[in-house]
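Reminder, nothing fancy here: chain letters follow the sequence lines and each chain counts from 1.
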There are 2 protein chains.
Amino acid sequence: MSPETASKSERAYAAIKEKILGGGYTPGYRLVLAKLAEDLGFSVVPVREAVRRLEAEGFITFERNVGATVAGIDPTEYLYTMQTLSIVEGAATALSAPLIGPEDIARARGVNAAMRECLEHFDPVRFTALNLEFHSVLFENCPNPHILDMVHRGWNRLQALRSSTFNYVPGRAKESVAEHEALLKLLENGADADTVERAARAHRAATLDAYLARGTPEQQARMPLSPTY
Amino acid sequence: MSPETASKSERAYAAIKEKILGGGYTPGYRLVLAKLAEDLGFSVVPVREAVRRLEAEGFITFERNVGATVAGIDPTEYLYTMQTLSIVEGAATALSAPLIGPEDIARARGVNAAMRECLEHFDPVRFTALNLEFHSVLFENCPNPHILDMVHRGWNRLQALRSSTFNYVPGRAKESVAEHEALLKLLENGADADTVERAARAHRAATLDAYLARGTPEQQARMPLSPTY
DNA sequence: GATATGGTGATCGTATACGATATCGTACTT
DNA sequence: AAGTACGATATCGTATACGATCACCATATC
């Protein structure tokens, strides 16, 4: 029996990704294959495979004959990701809606209650984790695997970006919790897919708006995209 | 000077993808790394990298210690891809809309005219190629690279699927050309993004509907998703 | 002082070799 | 005859080695 059931390539992938998401490797950090391999105790080949995969998923950039660096994370990139998520998560939630049962709603409502508590104790870290859990309940039933995959990628990317760029926007979290409750009400009442999609999109767009409103006007002017439409 | 400027890994990727899209490797075909490497004149390492990349993009399936096969292409997969495209292409087109100028419209209209001719001479191959060109004009201006990338992947996937599963649906092509003209009118008149998105979605959904209507009622019942909403 | 040029080192790209694993056929047992 | 155990073979997974390429810096030249 090998030490782990997964291949070294996959373990390398998970380990590096973990470090990026957790902030162990900050954006701009130079990833040298040989060094990574030594740290992990593997050869460079599986490490290289892991790095290429992470590149394909947008976590790192890779230049031929030069090397890899943890992906840069400018505000534009954050906007791109949020906008993409608003679209694919909106669709995933709409497609999930008919498959969401009362027990799912109840669970989501419990999570949302816990988020409300986090507001009072000011625990943004737990708040963020619960936020993912809440939305997972809403979109995980999406029967289209491609769309679900895109949603997962978006959340991953967001996590990578947030750890370094995202500043907690004071008033926003409270609004977010309220919007969650409104979303649950829609689902309970069997709202049609189009309405659910719009609400899910608007929810994310509102977060983005709050982020943009935080910046100076000139920063906002540089944003090339309207956050929602 | 090397024979090509691209790395062997990339050339292998392009070559294998080409063969899949062109029908040289049909679905279910067993891809053996060593054999591919020999055929290409490369070593297995870059070939392996290419294969993993194609796997990530959905063109082939890969099982550990077993091997790779060209991705299976059942009707459900076609439906997933069409549904995903209706969403991301709709968004891409809506985001492109404000950036599309008169010269783009004119070009698209020319392409559409050529498609109309294809109908009369019954040239489905050229029709399909022109169809991509038409839609490219509509979505290529999309300023969000993530969304654009998802659209490209969808089209690629569709091309791979179509070469083996898609049967030309008789009446549909004519409708499609008419819908194209309607889309162009919307863009010319500066329709708002929401309207454009709905039209682009509906256009693709109509193609999917035509495909589904072609099958027996029992086949349709097995489809797990509503094509549009 | 600025720019061009060559050398040097770090890092990636690929080839080859070998070990690990799954699959399939065959023989044996019940 | 059916099922199971076992071994042979094909194929993948990883390690190691070396060649190729690029960035950097020192030096020379204008």
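Nucleic acid contact for A/Val66: sugar-phosphate only, since backbone atoms but no base atoms lie under 4.0 Å from a heavy atom of the residue. In this structure, A/Val32 reaches the sugar-phosphate backbone alone: every heavy-atom distance under 4.0 Å involves primed, P, OP1 or OP2 atoms, never a base.
The aromatic rings of B/His135 and B/Trp155 sit tilted, their planes meeting at an angle between 30° and 60°. Using bins of under 30°, 30° to 60° and over 60° for the plane-to-plane angle, the ring pair B/Phe139/B/His152 lands in the perpendicular bin.
The stretch residues 130-155 of chain B participates, sequence neighbours left out, in these salt bridge (Lys or Arg N to Asp or Glu O under 4.0 Å) pairs: B/Arg107-B/Glu133, B/Asp149-B/Arg153. Applying the salt bridge (Lys or Arg N to Asp or Glu O under 4.0 Å) rule to pairs touching residues 89-98 of chain B yields B/Glu89-B/Arg204, sequence neighbours excluded. Sorted by first then second residue, the side chain to side chain donor-acceptor pair (under 3.5 Å) pairs that include residues 93-106 of chain B, not counting sequence neighbours, number zero. Residue pairs meeting the side chain to side chain donor-acceptor pair (under 3.5 Å) criterion with at least one member in residues 20-37 of chain B, sequence neighbours excluded, are B/Lys35-B/Asp39.
If you check D/dG13, D/dT14, C/dT11 against the side chain of A/Arg30, the one that comes closest is C/dT11. Closest approach to the A/Val45 side chain among C/dC12, D/dT16, D/dG13 is made by D/dT16 (side chain taken as heavy atoms from C-beta onward). Each of C/dA15, C/dT11, D/dC12 was ranked by its minimum atom distance to the side chain of B/Lys8; first place goes to C/dA15. Side-chain atoms of B/Asn65 lie closest to C/dA22 of the nucleotides C/dT16, D/dC22, C/dA22.
At a non-hydrogen distance threshold of 4.0 Å, B/Pro46 from residues 46-56 of chain B come into contact with DNA chain C.
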Pairs under 3.5 Å (N/O, protein and nucleotides 6-8 of chain D):
none

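Comparing B/Leu33 and A/Phe42, the nucleotide of DNA chain D nearest to each residue sits closer to the 5' end for B/Leu33. Nearest-nucleotide positions on DNA chain D for A/Glu10 and A/Glu63 put A/Glu10 closer to the 5' end.
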Which donor-acceptor pairs under 3.5 Å do the side chains of residues 56-63 of chain A make with protein atoms, sequence neighbours left out?
from: A/Glu57; atom 1: OE1; to: A/Tyr13; atom 2: OH; distance (Å): 2.7
from: A/Glu57; atom 1: OE2; to: A/Tyr13; atom 2: OH; distance (Å): 3.2
from: A/Thr61; atom 1: OG1; to: A/Thr69; atom 2: OG1; distance (Å): 2.9

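B/Glu49 meets the side-chain contact (heavy atoms from CB on, under 4.5 Å) test with A/Arg48, A/Arg52, B/Ser9; sequence neighbours excluded. Partners of A/Ala97 under the side-chain contact (heavy atoms from CB on, under 4.5 Å) rule, at least two apart in sequence or in another chain, are A/Leu187, A/Val196.
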